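Here is the structure we will look at, set down as structure tokens.
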Amino acid sequence: MSIGKMRVGKYELGKTLGEGSFGKVKFARNVETENPVAIKILNKNEVLRHKMVEHIKREISTMKLIKHPNVVQLYEVMASKTKIYIVLEYVDGGELFDKIVNHGRLKEEEARRYFQQLINAVDYCHSRGVYHRDLKPENLLLDSHGVLKVSDFGLSTFVPQLRGDGLLHTACGTPNYVAPEVLNDGGYDGAAADVWSCGVILFVLLAGYLPFDEPNIASLYKKISRADFFIPSHFSSSTKKLIKRILDPNPVTRLTIPQIIESEWFKVGYKPPDFEHGEQVSLDDVDAVFNDSEEHHVTEKKERPESMNAFALISRSQGFNLGNLFEKQMVCSACN
Ligand code: ADE
């Protein structure tokens, strides 16, 4: 039975928020300020095993410099003997796609507002050389004011996906949002691949279902490679035009972000984002974590709970822990 909360440095860990391709994300609270955060936990051994240290260090350093209202902020990194902890902005309004699952497709105006925020985020990160490479519904979070925040920017390639054939593949999990050139496993342009995923996301917001959805992987790949999809008749003609130009299987002729921003459909009610640039950010924590200096290791300890009544004890015991039933799991037979 697990009682008492886990403390990592000044953070008290709480429930699991998600389980991605490269580790768990947990809710946590800064005990000094009471501020909530989300903490992504990576296994050091995994990182070492995949010789990813330099790569991850570079991505985390870049992400620390990124501050944008539509991108989940990376606050700091910490390490213990066995783990790397990435402390992130906590976003409390759930996933955008839960809205669609619960209430169906969005009206054009609402879809446009979210798409504008998504493009703002992607444009900003691309201008700093960061590509997402795995844009999908789970990565689109909403805050309590309904502002869209993209999570996992620059973090998607942390632990490479090794499949049964021993080769390195970039796409894993469901490839419904993945660009044809990424599926073909050749080299690809990260910017154009992200634009494709944004096009699939826009389609889903407006239609309430996926443009490419097949019962088996082979037929799904075929549909994606040919950009073979059907546009619902309720889409307005300017929407149809835009989606067709984004979901172009040829990355060279596909619309670019500046072209999307210039399009008639996108421009309606568009306010370019207003935020502060160029604040001083320290990368000392990143250096300490990746130089693996033991004196900088954060302490991990299990807190002794104060006192618990019988009900609290029973409800925390494993048999009664319903929380685990609801934890999301991404299962990919090829990756496991
Ligand atoms: N799930 C994954 N990342 C999250 C975050 N930053 N905030 C809330 N839930 C999340």
Side-chain angles (χ1 to χ4, degrees), residues 5-6 8-31 33-43 46 56 59-60 62-78 83-102 114 117-118 120-122 124-125 130-159 161 172-174 177 194 197 201 275 281 285-286 289 323-332 335:
K5 289 211 166 125
M6 183 75 181
V8 177
K10 58 177 183 281
Y11 299 97
E12 186 177 78
L13 299 189
K15 67 173 183 180
T16 300
L17 297 170
E19 208 147 349
S21 36
F22 46 86
K24 272 189 185 176
V25 181
K26 283 189 169 274
F27 175 84
R29 204 174 277 286
N30 181 328
V31 294
T33 63
E34 303 254 291
N35 284 340
V37 293
I39 300 190
K40 193 175 286 281
I41 306 170
L42 304 182
N43 221 323
E46 283 291 300
I56 296 182
E59 298 265 316
I60 290 186
T62 315
M63 285 311 298
K64 248 202 115 177
L65 304 176
I66 283 191
K67 280 194 182 158
H68 186 280
N70 301 118
V71 181
V72 171
Q73 203 183 324
L74 192 159
Y75 295 134
E76 64 170 316
V77 276
M78 308 175 295
K83 301 245 166 41
I84 294 172
Y85 297 96
I86 305 172
V87 184
L88 302 163
E89 173 183 6
Y90 173 64
V91 186
D92 58 358
E95 290 173 13
L96 169 61
F97 280 72
D98 287 344
K99 249 178 105 120
I100 294 174
V101 171
N102 297 327
Y114 288 130
Q117 296 175 60
L118 170 63
N120 286 343
V122 173
Y124 178 83
C125 293
V130 182
Y131 302 95
H132 197 293
R133 302 184 185 94
D134 194 23
L135 281 167
K136 60 187 174 197
E138 295 95 305
N139 294 325
L140 304 182
L141 306 176
L142 295 177
D143 74 4
S144 47
H145 307 287
V147 174
L148 181 96
K149 306 252 178 191
V150 183
S151 76
D152 279 358
F153 237 110
L155 308 184
S156 67
T157 54
F158 269 14
V159 174
Q161 314 291 338
C172 211
T174 74
Y177 294 82
D194 279 351
S197 307
I201 288 166
F275 57 95
V281 173
D285 56 336
V286 187
V289 162
N324 290 335
L325 289 176
F326 301 113
E327 280 183 4
K328 283 189 191 157
Q329 286 208 321
M330 248 188 50
V331 180
C332 170
C335 289

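Just so you know, ligand 1 is whichever comes first in the structure, and atom 1 is the first atom listed for that ligand. Given the structure is predicted, the values throughout are model-derived calculations rather than measurements.
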Could you tell me which atoms of ligand 1, counted from 1 in the order shown, lie closer than 4.0 angstrom to a heavy atom of [X]?
X	answer
Leu17	1 (N), 8 (C), 9 (N), 10 (C)
Tyr90	7 (N), 8 (C)
Ala38	5 (C), 6 (N), 7 (N)
Val72	6 (N)

Item to check | Contact check, side chains of Tyr90 and Asn35, non-hydrogen atoms, under 4.5 Å | outcome: no
Tell me if a side-chain donor or acceptor on [X] pairs with a main-chain N or O of [Y] at a distance below 3.5 Å.
X	Y	value
Asn30	Thr33	yes
Asp194	His132	yes
Lys149	Leu140	no
Asn139	Leu135	no

Checklist entry - Only one of Arg29, Lys26, Lys5 forms a side chain to side chain contact (heavy atoms under 4.5 Å, CB included) with Leu13, so which one is it? => result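 Exactly one candidate clears the test, Lys26.
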Checklist entry - Where's the contact between Lys40 and ligand 1, heavy-atom distance under 4.0 Å: side chain, backbone, both or neither? => result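 Near ligand 1, Lys40 shows nothing, with every heavy atom at 4.0 Å or more.
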Next on the checklist: Residue-level breakdown please: for Asp92 versus ligand 1, do any non-hydrogen atoms fall below 4.0 Å on the side chain, on the backbone, on both, or on neither?
Outcome noted: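 Answer for Asp92: neither.
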Protein heavy atom at shortest distance from [atom]:
atom	value
atom 7 (N) of ligand 1	Val91 N, 3.0 Å
atom 6 (N) of ligand 1	Glu89 O, 2.8 Å
atom 3 (N) of ligand 1	Val25 CG1, 3.8 Å
atom 4 (C) of ligand 1	Leu141 CD1, 3.6 Å

Item to check | Polar atom proximity, Ser151 to ligand 1 (N or O, under 3.5 Å) | outcome: no
Checklist entry - Going by the angle between their ring planes, with limits at 30° and 60°, are Tyr124 and His68 parallel, tilted or perpendicular? => result tilted
Checklist entry - Does the pair Asp134 and Asp152 meet the rule for a side chain to side chain contact (heavy atoms under 4.5 Å, CB included), with working shown? => result CA-CA 8 Å; Asp134 194 23; Asp152 279 358; over 6 Å; no
